[in-house]
Every structure is written in C-alpha cells, then in structure tokens.
J.: 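Structure below; questions to follow.
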Amino acid sequence: MKKAAISSIIAIILGYLGTVFGAEIMNWPQLGPILSIVVMGAAIITSLENDK
C-alpha cells in the first residue's frame with residue numbers, strides 16, 4: 001500500500017511538471033499524461049515481478 005501511495009504521488013508530480021514544461025519549452029502539452037502513465041506502468045510491472 002505504501003508503494004502505491006508513493007507511486008501515485010510521483011505520477012501526479014511528474015504529470016504536472018511534464019504538462020508545464022512540455023507545453024512551455026518543448027511545445028508538447030501531452031507530455032504530462034504520458035509521464036504519469038509510464039510511472040504507474042513501471043510500478044505495476046515491478047509489483048507483478050515481485051509477486052512471482
């Protein structure tokens with residue numbers, strides 16, 4: 001449960017920063033949601049690998 005909370009907080013922070021900096025610097029406003037999905041996907045894959 002602790003890992004899920006930490007992953008969620010990191011995904012929210014990276015999503016926000018990706019949206020801000022992606023839109024302003026790189027003209028890529030979809031960067032925030034992409035980073036959030038990547039973080040949560042990595043957390044899910046890591047937890048599934050640890051269960052085996």
Side-chain angles (χ1 to χ4, degrees):
M1 186 67 185
K2 189 176 184 181
K3 184 177 179 179
I6 292 172
S7 298
S8 298
I9 292 170
I10 292 173
I12 290 170
I13 292 170
L14 283 179
Y16 176 76
L17 291 176
T19 300
V20 170
F21 292 123
E24 301 249 342
I25 295 173
M26 299 176 1
N27 196 20
W28 190 16
Q30 295 87 7
L31 183 61
I34 291 171
L35 287 177
S36 295
I37 292 168
V38 167
V39 168
M40 293 310 293
I44 291 169
I45 290 172
T46 303
S47 68
L48 289 175
E49 287 178 349
N50 289 340
D51 288 344
K52 291 184 178 180

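This structure is a prediction, so every number in the text was calculated from the model and none was measured.
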J.: Is there a chain of hydrophobic side chains (I, L, V, M, F, W, Y, each step under 4.5 Å between heavy atoms) that links Ile45 to Met40?
T.: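 In one cluster: no.
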J.: Quick one: do Leu31 and Ile37 end up in the same hydrophobic cluster if we chain Ile, Leu, Val, Met, Phe, Trp and Tyr together by side-chain heavy atoms under 4.5 Å apart?
T.: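 They do not share one cluster, since no chain of ILVMFWY contacts under 4.5 Å joins Leu31 to Ile37.
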J.: Show the nearest heavy-atom pair for residues Val39 and Ser7, with the distance to one decimal.
T.: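 Reported closest heavy-atom pair: CG1-O, 3.9 Å.
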J.: Tell me the closest heavy-atom pair linking Leu14 and Leu35, and the distance in Å.
T.: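 Where Leu14 meets Leu35 most closely, the heavy atoms are O-CD1, 3.7 Å.
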J.: Let me check something: do Val38 and Leu48 share a hydrophobic cluster, defined by ILVMFWY side-chain heavy atoms less than 4.5 Å apart, either directly or through other members?
T.: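 Different clusters: Val38 never reaches Leu48 through Ile, Leu, Val, Met, Phe, Trp or Tyr contacts under 4.5 Å.
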J.: Can you tell me if Ser36 uses its side chain to pair, donor with acceptor, with the backbone of Ala11 under 3.5 Å?
T.: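 Yes, Ser36 side chain to Ala11 backbone: donor-acceptor pair under 3.5 Å.
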J.: Under a single-linkage definition using a 4.5 Å side-chain heavy-atom cutoff for Ile, Leu, Val, Met, Phe, Trp and Tyr, are Ile44 and Ile6 assigned to the same hydrophobic cluster?
T.: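 Cluster IDs for Ile44 and Ile6 differ.
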J.: Answer with yes or no whether the hydrophobic clustering places Ile34 together with Ile12; edges join I, L, V, M, F, W, Y residues whose side-chain heavy atoms lie under 4.5 Å apart.
T.: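 Ile34 and Ile12: separate clusters.
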